[in-house]
Asker: 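Below: one structure in structure tokens.
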Amino acid sequence: MTQPVKINVIAKLLNMSPDAIRFYEKKGIINPPRDPESRYREYSASEIRRLYDCANWTALGFTIREVEILMHTLTETEMSRLLEEREQALRHQLEDTQLALNKLSGYKQARALFPSMLMRWDWIDTPLSYFFCYSHHDELNEAMIFSPLYQPVMQYRNLFTCAVLAPVDLLEAQRSDFDFGFIVTAEAAARHGFQTQNPIRSLPDQKCLRTIIQTEAVIQSSDLLPLLTQLRQMQIQLKGDWICRVLSLDYDQGKQTRRYELWIPAEVQ
């Protein structure tokens, strides 16, 4: 096929933007001559195939600048490496998408089950987990935030859950300068190769009482004090910090509520 064709026709044919086609022409990937009278480009079948190849690479997630390098200068060995790197990136995206779906499913489930689970106590065995603390006693933990140990929290944020550690002594003193951070199970940390040495805190697998509460904002000691009183009345011996995991975030005409799942290390006296 060699005939004068408007660029928007080729763009429509290949579902590419005219700017992308012009970029590939500017970079010499295609070189369609212009009709001397109409000044329209004359795209050959070969050039259309090259544009299709470009569109194929961009559909796989390569940028148009990466496509320029790929089409012009890569050796066969470099091509193999590039494809391997792209495959790994796509696998990471796929995994992250599945994690996001899991988190959304958890939010939906928490919304559906919340009324029946509110303030209902049950015993569970919690998994070994790790706590990445970004705020300690009302001060940002800059040593953690700027540490390489903290990078996975933002890179794999759908794998982590926002959490608060509420020590019993602070509750009894009616103070809310708890530790804020992100929690991940040891199984997930090992699967992704996360480093978990100090200052990351290890939360052992242990017997816990579990309940769910709702707050209007970030959890405060005033939200937990009624539970503490109730547990004392139930003759429950508390064994460690309360772990408050965010289950869902809700908004009603701008008003925010949060639902927390509480893991409370304890035993019956």
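Counting begins at 1 with the first residue of the sequence. Because only heavy atoms are used, hydrogens play no part in the values below, and waters and symmetry mates are left out as well, while side chains stay in.
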Asker: Please report the interatomic distance CD(Gln197) to OG(Ser147), rounded to the nearest 0.5 Å.
Answerer: 7.5 Å
Asker: Any salt bridge between Arg50 and Asp53, counting N to O under 4.0 Å?
Answerer: no
Asker: Just wondering, do Ile200 and Phe131 contact through their side chains at under 4.5 Å, heavy atoms?
Answerer: no
Asker: Please list, one pair per line, the donor and acceptor atoms closer than 3.5 Å that link side chains of residues 62-71 to other protein atoms, with sequence neighbours excluded.
Answerer:
residue	atom	partner	partner atom	Å
Thr63	OG1	Glu66	N	3.1
Glu66	OE1	Thr63	N	2.9

Asker: What distance do Leu14 atom CG and Arg49 atom CZ have between them, rounded to the nearest 0.5 Å?
Answerer: 12.0 Å
Asker: Crowded around Glu85 CD? As in, over 12 foreign heavy atoms under 6.0 Å?
Answerer: yes
Asker: To the nearest 0.5 Å, what is the distance between CD1 (Ile29) and NE2 (His72)?
Answerer: 5.0 Å
Asker: Kindly give the heavy-atom pair with the smallest separation between Ile212 and Leu247, and that separation in Å.
Answerer: CD1-CD1, 3.5 Å
Asker: Using a 4.5 Å cut-off on heavy atoms from C-beta on, say whether the side chain of Ile219 contacts that of Arg258.
Answerer: no
Asker: Same cluster or not: are Phe160 and Leu104 linked, directly or through other Ile, Leu, Val, Met, Phe, Trp or Tyr residues, by side-chain heavy atoms under 4.5 angstrom apart?
Answerer: no
Asker: Looking at Ala217 and Gln256, what are the two nearest heavy atoms and their distance?
Answerer: CA-OE1, 4.1 Å
Asker: Treat each ILVMFWY residue as a node, draw an edge where side-chain heavy atoms are under 4.5 Å apart, and state whether Val268 and Leu238 are in one component.
Answerer: yes
Asker: When Arg91 is tested against each of Gln93, Glu87, Glu95 for side-chain hydrogen bond (donor to acceptor under 3.5 Å, both in side chains), which residue passes?
Answerer: Glu87
Asker: Is there a path of hydrophobic side-chain contacts, each under 4.5 Å between heavy atoms, that joins Leu101 and Val246?
Answerer: no
Asker: On a heavy-atom basis, which atom in Asn198 and which in Leu149 lie closest, and how many Å separate them?
Answerer: O-CD1, 3.9 Å
Asker: Which heavy atom in Leu128 sits nearest to a heavy atom in Ser202, and how many Å separate them?
Answerer: CD1-OG, 3.6 Å
Asker: Measure across Trp121 and Met234 and return the closest heavy-atom pair with its distance rounded to 0.1 Å.
Answerer: NE1-SD, 4.4 Å
Asker: Between Thr126 and Ile243, does the side-chain contact (heavy atoms from CB on, under 4.5 Å) criterion hold? Intermediate values first, please.
Answerer: CA-CA 10 Å; Thr126 60; Ile243 304 167; 5.8 Å; no
Asker: How many angstroms lie between atom CD1 of Ile145 and atom SG of Cys133, to the nearest 0.5 angstrom?
Answerer: 9.0 Å
Asker: Working to the nearest 0.5 angstrom, can you tell me the gap between Lys26 NZ and Asn31 CG?
Answerer: 15.0 Å
Asker: Output side-chain donor-acceptor pairs under 3.5 Å for residues 163-189, partner residues at least two apart or in another chain, one line each.
Answerer:
residue	atom	partner	partner atom	Å
Glu172	OE2	Arg232	NH2	2.3
Arg175	NE	Asp177	OD1	3.4
Arg175	NH2	Asp177	OD2	2.8
Ser176	OG	Gln220	OE1	3.2
Ser176	OG	Ser221	N	2.7
Ser176	OG	Ser221	OG	3.1
Asp179	OD1	His136	ND1	2.7
Asp179	OD2	His136	ND1	3.3
Thr185	OG1	Ala188	N	3.2
Glu187	OE1	Arg191	NH2	3.3
Glu187	OE2	Arg191	NE	3.0

Asker: Check whether any side-chain heavy atom of Ile236 sits under 4.5 Å from a side-chain heavy atom of Glu267, and report yes or no.
Answerer: no
Asker: Please determine whether the number of non-hydrogen atoms from other residues, nucleotides or ligands lying under 6.0 Å from atom CD of Gln230 exceeds 12.
Answerer: yes
Asker: For the residue pair Leu90 and Arg86, establish whether any side-chain heavy-atom pair is separated by less than 4.5 Å.
Answerer: yes
Asker: Taking the six-membered ring for Trp, are Tyr130 and Phe194 ring centroids under 6.0 Å apart?
Answerer: no
Asker: Within this structure, what is the CG-CG distance for the pair Leu262 and Leu224, rounded to the nearest 0.5 Å?
Answerer: 6.0 Å
Asker: Within the 4.5 Å heavy-atom criterion, are Tyr43 and Ile7 side-chain neighbours or not?
Answerer: yes
Asker: Does any part of the side chain of Ile10, heavy atoms only, come nearer than 4.5 Å to the side chain of Ile48, both counted from C-beta?
Answerer: yes
Asker: Taking only Lys NZ, Arg NE, NH1 and NH2, and the carboxylate oxygens of Asp or Glu, determine whether Arg201 and Asp241 approach each other closer than 4.0 Å.
Answerer: yes
Asker: Would you indicate whether Asn15, at its atom CG, is surrounded by more than 12 heavy atoms from other residues, nucleotides or ligands within a distance under 6.0 Å?
Answerer: no
Asker: Does the side chain of His192 pick up a donor-acceptor pair with the side chain of Gln155 at under 3.5 Å?
Answerer: no
Asker: Less than 4.5 Å apart, side chain to side chain, heavy atoms only: is that true for Glu84 and Gln88?
Answerer: yes
Asker: Given Gln206 and Asp125, is the side-chain contact (heavy atoms from CB on, under 4.5 Å) satisfied, shown in steps?
Answerer: CA-CA 6 Å; Gln206 55 192 328; Asp125 294 313; over 6 Å; no
Asker: Is there a donor-acceptor pair closer than 3.5 Å between any side-chain N or O of Lys103 and the backbone N or O of Arg157?
Answerer: yes
Asker: Decide whether Trp123 and Trp263 are clustered together by the hydrophobic rule: side chain heavy atoms of Ile, Leu, Val, Met, Phe, Trp, Tyr closer than 4.5 Å, transitively.
Answerer: no
Asker: Would a hydrophobic clustering, with Ile, Leu, Val, Met, Phe, Trp and Tyr connected at side-chain separations under 4.5 Å, put Ile124 with Ile264?
Answerer: no
Asker: Determine whether Leu227 and Trp242 make a side-chain contact, defined as any pair of heavy atoms from C-beta on separated by less than 4.5 Å.
Answerer: yes
Asker: Which heavy atom in Arg41 sits nearest to a heavy atom in Pro32, and how many Å separate them?
Answerer: CD-CG, 3.9 Å
